[in-house]
Amino acid sequence: MFRSRRLLVSAVSLCLALVLTLHTSMIAEAGSVKNYLINYNGGASAVLNPAVTNASETVNATAEELNLDLSAVTVKEESRLVMANVSSALNVRLEPDADSEKVGKLYKDCGGTILERRDGWTKIQSGELIGWASDEFLLFGAEAEELAASVGVTVAHIDSDNGLKIRTAPTTESEFYGVLPYGDEVEVLSVGEDGWACIDYEGTDGYVSTEYITIEFKIDSGETMEAIKEREAAEAEAKRHVNYGEYTTDADTTLLLAALIQCEAGGESYEGQLAVGAVVMNRVRSGAYPDTIHGVIYASGQFTPAQSGKVNRVLESGKIKQSCIDAAKEAISGVSNVGDLTHFRRNNGREGLVIGNHVFY
């Protein structure tokens, strides 16, 4: 009896060791979802049976030989999400070395996917940016997921060639605010089981049919050095034109800010519109963001209407509400009703200053 128990304990221990070895090897070798298991070769399988290249097959075969039931054993895949843990920006490098060439930057609240980990460094992909970042300035696992849920946003891409009506209620009989063009992108607030999604339309609730949209959860991405140089060149060009006509350029800048305010809070009260303008100006004054209104508005991954082209369309149309223009002028003059806060989003219960349907933080 004693000998049988000892054999059973040894068998269970061996099985668990194999499972742990598999789990560790999977994490160490993971480079992409596509090659997650295909590239696995070695680990426990190399020790027990060189002819078997798949560690999971080895575990199952060994368990069968030992007459063990592994149906209750599960291996949880490690999260591949990574988030920046910085107050401004983190350098991303070509190699896992502090002296290696910089290939881009990962900004506050930006995230990406883990490609590889080595000696206190993590190779990440964030948008078009691929490179190595020090683990000292990154969040992983539950901490990364918590931050992503807080700062990420669910968006809808408009798939209808003829545009999509934004309804005042989730029915085809209700009135509509306007039409979203093909390819536009808007924030999704909730998705009902009735085939309708509630979206943020200029700060108010609108409804679109889920039949004509593609829904995606997004977090901000980093920038490659090439993208940074292009953005800085555009900012330099904008500054150059300031010298050609202060009044005209100031008017254009004011209208640009007013167009963003309308896209983000056109349906809000004047106080809510001013608050959005104040956030932009607070970023201009902050060392963590570009020092121009143009640079702040068009910075990568910051304002969804700017990235989707909606700000440009509103600006070119000339149909900007006077209240949004007034709010832009007042914000540019230095007035702020949100203190030095630099972020806002639709109010989802996050702690912060609530004005209308937005929370500022």
Side-chain angles (χ1 to χ4, degrees), residues 23-41 75-157 183 185 187-188 214-232 288-290 298-304 306-308 343 345:
H23 181 53
T24 303
S25 299
M26 287 169 66
I27 295 172
E29 296 295 326
S32 68
V33 173
K34 182 178 179 180
N35 298 319
Y36 193 79
L37 291 177
I38 296 176
N39 291 336
Y40 180 83
N41 187 5
V75 179
K76 181 180 179 181
E77 181 179 337
E78 191 80 5
S79 171
R80 298 175 64 236
L81 173 68
V82 62
M83 297 291 293
N85 185 26
V86 292
S87 58
S88 55
L90 166 64
N91 290 326
V92 178
R93 300 186 180 276
L94 182 62
E95 299 293 340
D97 188 300
D99 296 324
S100 179
E101 175 188 351
K102 288 192 295 185
V103 294
K105 291 185 177 183
L106 199 63
Y107 300 102
K108 174 181 171 64
D109 294 340
C110 288
T113 303
I114 297 172
L115 300 180
E116 185 181 349
R117 299 190 69 179
R118 184 196 309 170
D119 301 329
W121 290 78
T122 297
K123 189 174 186 180
I124 65 171
Q125 178 168 0
S126 180
E128 297 182 357
L129 175 62
I130 299 177
W132 292 86
S134 172
D135 290 356
E136 181 181 356
F137 306 104
L138 298 173
L139 293 177
F140 304 94
E143 289 184 320
E145 292 171 1
E146 182 179 355
L147 178 58
S150 174
V151 302
V153 61
T154 302
V155 298
H157 302 275
E185 183 179 280
E187 182 178 355
V188 176
T214 300
I215 298 177
E216 175 189 10
F217 181 77
K218 295 177 64 176
I219 52 178
D220 291 344
S221 301
E223 279 186 301
T224 63
M225 295 308 298
E226 291 77 9
I228 292 174
K229 290 177 181 178
E230 291 178 3
R231 174 172 57 78
E232 290 177 344
Y289 299 91
Y298 290 106
S300 175
Q302 298 303 309
F303 296 100
T304 298
Q307 303 301 310
S308 69
H343 289 76
R345 63 177 298 158

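Owing to the predicted nature of the structure, the values given are computational and were not obtained by experimental measurement. We're numbering straight along the sequence, starting at 1.
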Within this structure, what is the [atom1]-[atom2] distance for the pair [X] and [Y], rounded to the nearest 0.5 Å?
X    : Y    : atom1 : atom2 : answer
E185 : H157 : CD    : NE2   : 4.5 Å
K218 : T304 : NZ    : OG1   : 6.0 Å
Q302 : H343 : CD    : NE2   : 6.5 Å
E143 : N85  : CD    : CG    : 7.5 Å
M83  : L106 : CE    : CG    : 8.0 Å
E95  : R118 : CD    : CZ    : 7.0 Å

Given side chains that start at C-beta, do those of [X] and [Y] come closer than 4.5 Å, heavy atoms only?
X    : Y    : value
N91  : F137 : no
K105 : L90  : no
V151 : K108 : no

### Query
Got a donor-acceptor contact below 3.5 angstrom from the R93 side chain to the D99 backbone?
no
### Query
Does R345 reach the main-chain N or O of G152 with its side chain, forming a donor-acceptor pair under 3.5 Å?
yes
#### Entry: Set of residues satisfying salt bridge (charged side-chain N to carboxylate O under 4.0 Å, His left out) with respect to D97, sequence neighbours excluded
none
### Query
Applying the side chain to side chain contact (heavy atoms under 4.5 Å, CB included) test to I114, which of L81, L138, T122 qualifies?
T122
Considering all heavy atoms of both residues, which atom of [X] and which atom of [Y] are nearest to each other, and what is their separation?
X    : Y    : answer
R231 : P290 : NH1-CG, 3.3 Å
G111 : S126 : O-OG, 2.7 Å
F217 : A149 : CZ-CA, 4.4 Å
S300 : Q307 : CA-NE2, 4.2 Å
E116 : W132 : CD-CH2, 3.7 Å
C110 : S221 : SG-O, 3.4 Å

### Query
Would T224 and V103 satisfy side-chain contact (heavy atoms from CB on, under 4.5 Å), going step by step from the backbone distance to the final call?
CA-CA 6 Å; T224 63; V103 294; over 6 Å; no
### Query
Are more than 12 heavy atoms from other residues, nucleotides or ligands located less than 6.0 Å from atom CD of E216?
yes
